[in-house]
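Notes follow once the structure below has been shown.
Labels below follow one simple rule: chain letters A, B, ... track the order of the sequence lines, proteins then strands, and each chain is numbered from 1.
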Number of protein chains: 2
Amino acid sequence: MPRRTLPTAEDQAARFVRQREADRKATAEDYVELIADLLREEGEARAVDLARRMGVSQATVTATVGRLQRDGLVETKPYRGLFLTAAGTALAAEAKARHDLVVRFLIAVGLDAGTAEQDAEGIEHHASDKALTAFARFLSERGDTT
Amino acid sequence: MPRRTLPTAEDQAARFVRQREADRKATAEDYVELIADLLREEGEARAVDLARRMGVSQATVTATVGRLQRDGLVETKPYRGLFLTAAGTALAAEAKARHDLVVRFLIAVGLDAGTAEQDAEGIEHHASDKALTAFARFLSERGDTT
DNA sequence: AACACTTCTTAGCCTAGACTAACTTTCGGA
DNA sequence: TCCGAAAGTTAGTCTAGGCTAAGAAGTGTT
């Protein structure tokens, strides 16, 4: 039974603070990941498609992309599609690798593909490097090389 | 290799929408879980302790607790600590059960206890019932009854 | 009983992320 | 060519969740 006693206030606070940092990064990761997917699969990433796939209004996409641009992850040519900077491309690649690993891991422990995709969407942003390493080890021990 | 092709826009949007719903519930769950822990371990849950353990200012706790109260999860007696309503108690119990299960699962797949606690903090809010069932089955197959 | 200390609240501010409505720009078809 | 539909932007609003600074309300000690 974990947590029979409370952690120290400092430890617990540190966990929540790190948690909130991960939450802040999550949107950026989801956007660049989706932009990268669209560029790869469709050849271009339009704001209107992002809006449709994120389940959000176009105005929200404009605002969010503005923040991504400010943060050096995305480049836009007005009325053209969206492009990733080097930093954005790197972040997208990381995010995709994490995402795919989490999906494969969840399937390996018994989830159906659809649920694995859904849950991975949230979990991928909160799994530490140590956790990802553990997941990868688990998969390789099972001989899973999908 | 999962996600060779993109999901339909509708499916993907539905996933992100559910994701955002989970995000909104996460704060409430963290607070009631912590309040329940404090009540159990210390006999009372003061705003000042919540602030310390959440890594947040007291003013933020006041505001957040106000929202929890509005949502019928918490009751306050000014200068007397915080109490959970029936709904709050139920939510806290669920949250704790999920949290503990995720921690045990992460340890079972090879994480150290500290990292498991940290990662569980984020993952517990994003694991579906199906995922939790799969985690529980995994543990019982391993004969883990910790 | 009074004072100092702690706790809590209030006021004012900020950012992210969401919305609708209205406007502008681009592109494709008649 | 021009004109309407689609795409994108802008303006204004909202909520959650953070912050600091300042003030009010208990609590405990002497």
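- Of the candidates C:dC8, C:dA18, D:dG18, the closest approach to any side-chain atom of A:V56 belongs to C:dA18.
- In this entry the distance linking CZ of A:R70 with C1' of C:dT15 reads 8 Å, nearest Å.
- Between A:R98 and A:E29, at least one side-chain N (NZ, or NE/NH1/NH2) sits under 4.0 Å from a carboxylate O, which counts as a salt bridge.
- By the 4.0 Å N-to-carboxylate-O rule, B:R20 lies too far from B:D23 to be salt-bridged with it.
- Nearest-nucleotide mapping onto DNA chain D: of B:T64 and A:R52, the residue sitting toward the 5' end is A:R52.
- Mapping B:S57 and B:R80 onto DNA chain D by nearest heavy atom places B:S57 closer to the 5' end of the strand.
- Contact annotation: B:T62 reaches the phosphate of C:dT9 (side-chain N/O to OP1 or OP2, under 4.0 Å).
- B:R20 has a side-chain polar atom (N or O) that falls below the 4.0 Å cut-off from OP1 or OP2 of C:dA18.
- Protein atom NZ of B:K77 is 18 Å distant from nucleotide atom C1' of C:dT7, rounded to whole Å.
- What separates CD of B:E44 from P of D:dG26 is a distance of 16 Å, to the nearest Å.
- Rounded to whole angstrom, the span from the CD atom of A:E21 across to the P atom of D:dG18 amounts to 12 Å.
- Contact between the side-chain N/O atoms of B:R67 and the OP1/OP2 oxygens of D:dG17 is found at a separation under 4.0 Å.
- The aromatic rings of A:F135 and A:F105 lie parallel to each other, their planes meeting at an angle below 30°, with 60° marking the opposite boundary.
- Within the nucleic acid shown, B:A63 has no heavy atom closer than 4.0 Å to any nucleic acid atom.
- Distances from the side chain of A:Q58 to the nucleotides C:dA11, C:dA18, D:dG8 place D:dG8 closest.
- Atom CG of B:L68 and atom C1' of D:dG17 are 12 Å apart (whole Å).
- The shortest distance between the side-chain N/O atoms of A:T27 and the OP1/OP2 oxygens of C:dG17 is below 4.0 Å.
- When rounded to the nearest whole Å, the span between CG of B:D71 and C1' of D:dT15 equals 12 Å.
- The listed nucleotides are C:dA21, C:dT7, D:dG8; the one nearest the side chain of A:A59 is C:dA21.
- Protein atom CG of B:D49 is 11 Å distant from nucleotide atom C1' of C:dT7, rounded to whole Å.
- Separating the CD atom of A:E29 from the P atom of C:dG17 is a distance of 12 Å, rounded to the nearest angstrom.
- Side-chain polar atoms of A:Q118 and B:S128 form no donor-acceptor pair below 3.5 angstrom.
- B:R46 comes within 4.0 angstrom of the backbone, heavy atoms only, and of no base.
- The closest side-chain donor-acceptor pair between B:H126 and A:E124, if any, does not fall under 3.5 angstrom.
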